[in-house]
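As structure tokens, the structure follows; a few thoughts come after it.
Worth knowing before you read on, the calculation uses all heavy atoms, side chains too, and leaves out hydrogens, waters and symmetry mates. Keep in mind it's a predicted model, so treat the numbers as computed, not measured.
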Amino acid sequence: MKIRKINNDKLKVILNSRDLNDKNIDIDSFLSNSIESQDLFFEILDLAEEEYDFSIENNKAIVETISLDNNL
């Protein structure tokens, strides 16, 4: 997992299949807003707060996902 702070309002998070496997999350579960994917989301926010002083307290969060084909 890689986390990069773009600005005070935005993070870029890169997850690969190994990251999901380590958390026992399959891609269908991740994309379906499961409890496991929500837990991972909050874990990412906790890490971002620790590493970058990034907080969404009293704000809304928008998540955009992009799937990349690793075979390219």
Side-chain angles (χ1 to χ4, degrees):
M1 173 178 1
K2 295 179 186 176
I3 301 173
R4 191 177 98 205
K5 185 175 180 180
I6 305 296
N7 58 41
N8 289 336
D9 303 354
K10 189 182 288 189
L11 294 175
K12 180 176 186 176
V13 179
I14 300 173
L15 298 169
N16 60 36
S17 57
R18 187 177 342 154
D19 296 321
L20 295 178
N21 286 335
D22 289 348
K23 302 293 182 185
N24 294 317
I25 302 172
D26 62 32
I27 192 68
D28 292 328
S29 179
F30 179 72
L31 295 174
S32 68
N33 196 26
S34 67
I35 295 297
E36 295 84 7
S37 63
Q38 290 177 36
D39 288 344
L40 178 57
F41 176 72
F42 289 118
E43 181 181 328
I44 291 166
L45 289 177
D46 288 343
L47 286 170
E49 186 170 8
E50 290 174 18
E51 293 182 24
Y52 300 106
D53 195 31
F54 184 86
S55 177
I56 64 165
E57 190 172 327
N58 299 321
N59 293 298
K60 293 182 180 180
I62 296 173
V63 177
E64 177 182 358
T65 60
I66 301 170
S67 177
L68 301 176
D69 185 352
N70 292 332
N71 296 323
L72 295 177

Worksheet item: Would you find a donor on one side and an acceptor on the other, under 3.5 Å apart, between the side chain of Ser37 and the backbone of Ser34?
Response: yes
Item to complete: Treat each ILVMFWY residue as a node, draw an edge where side-chain heavy atoms are under 4.5 Å apart, and state whether Leu40 and Ile14 are in one component.
Response: no
Enumerate, atom names and distances included, each donor-acceptor pair closer than 3.5 Å involving a side-chain atom of residues 52-60, sequence neighbours excluded.
| residue | atom | partner | partner atom | Å |
| --- | --- | --- | --- | --- |
| Tyr52 | OH | Ile3 | O | 2.7 |
| Ser55 | OG | Glu57 | N | 3.2 |
| Asn59 | ND2 | Glu57 | O | 3.1 |

Response to the item:
Lys5 and Asn8 have their tightest heavy-atom pair at NZ-OD1, 3.4 Å
Practice prompt. Answer yes if Leu45 and Ile6 sit in the same cluster of Ile, Leu, Val, Met, Phe, Trp and Tyr residues linked by side chain heavy atoms under 4.5 Å apart, and no otherwise.
Written response: no
Worksheet item: Heavy atoms, side chains only, cut-off 4.5 Å: are Arg18 and Asp22 in contact?
Response: yes
Worksheet entry | Between CD on residue Glu51 and CZ on residue Arg4, distance to nearest 0.5 Å | 14.0 Å
Practice prompt. Measure the spacing between CG of Asp39 and CZ of Phe42 and express it to the nearest 0.5 Å.
Written response: 8.0 Å
Discussion item. Please tell me whether Val63 and Ile44 are part of a single hydrophobic cluster in this structure, the criterion being side-chain heavy atoms less than 4.5 Å apart.
Written reply: yes
Worksheet entry | Atom pair CG (Leu31) and CG (Leu20), whose distance is rounded to the nearest 0.5 Å | 9.0 Å
Fill in: N/O donor-acceptor pair under 3.5 Å between Ser29 side chain and Ile25 backbone
no
Worksheet item: So, does Asp19 use its side chain to make a donor-acceptor pair with the main chain of Asn16 at under 3.5 Å?
Response: yes
Discussion item. Any side-chain to backbone donor/acceptor pair from Gln38 onto Asn33? Under 3.5 Å, distance only.
Written reply: yes
